[in-house]
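Below you'll find the structure, written out as structure tokens, and then a few comments.
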Amino acid sequence: MSNTIPMRVEVELFEAAKSVGSIVSRSATQQLNHWARIGRELEADPRISPRDIQRVLAGDKTYDNLNEVSQAVVRVGWDERVAERLASLDLAAEFTKAGRSWTEADAHGHTVVHGGAEHSSSADA
């Protein structure tokens, strides 16, 4: 048995590893280890220029000028940034502070209006 250490993993990443792992007969831990090894190999690939990738992520260089492997790394960076941004959003608080209402569907697919002058819902039976 290999040596292991405990570590924290984001719930979304763990759930994805569990889902993908079940398809390829791996546990979530085995899938995360697999992905980590792939990432290690990508970063060690001589075709990848970390400096160029950072310049693209900073907006100082165009994505189209990167090779396919570096483009893949940039896409992962973009995905991480989008996920972080989405996780930091609290639109309910922003709309409430601005005195605006917003609409969403409840667990049954019924329209629910929040905020604003009135709170209402319509049960589309």
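Everything numeric in this text was worked out from a predicted model, so none of it was measured.
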The side chain to side chain contact (heavy atoms under 4.5 Å, CB included) partners of Ser22 (sequence neighbours excluded) come to none
What one should report as the nearest heavy-atom pair of Trp102 and Ala92 is CZ2-CB, 3.6 Å
Do any pairs count as a side chain to side chain donor-acceptor pair (under 3.5 Å) and have a residue in residues 45-55, sequence neighbours left out, and if so which ones?
-> Asp45-Arg47, Ser49-Asp52, Asp52-Lys61
Counting only pairs under 3.5 Å, give me each side-chain donor-acceptor contact of residues 31-38, with atom names and distances, residues two or more places apart or in other chains.
from  : atom 1 : to    : atom 2 : distance (Å)
Gln31 : OE1    : Arg26 : NH1    : 3.0
Asn33 : ND2    : Thr29 : O      : 3.3

Locate the shortest heavy-atom distance separating Ala28 from Ala17; write the atom from each residue and the value.
-> O-CB, 3.7 Å
Please list, chain by chain and in numerical order, all residues satisfying side-chain hydrogen bond (donor to acceptor under 3.5 Å, both in side chains) with Thr62, sequence neighbours excluded.
-> Asn65
Residues pairing under side chain to side chain donor-acceptor pair (under 3.5 Å) where one sits in residues 71-98, two or more places apart or in two chains, turn out to be Tyr63-Arg75
Should Val69 and Val74 be counted in the same cluster of Ile, Leu, Val, Met, Phe, Trp and Tyr side chains packed under 4.5 Å apart?
-> yes
Shortest non-hydrogen contact from Ile48 to Pro50?
-> O-CD, 3.3 Å
For the hydrophobic clusters of this structure (ILVMFWY residues joined by side-chain heavy atoms under 4.5 Å, transitively), does one cluster hold both Val76 and Val20?
-> no
The side chain to side chain contact (heavy atoms under 4.5 Å, CB included) partners of Ile23 (sequence neighbours excluded) come to none
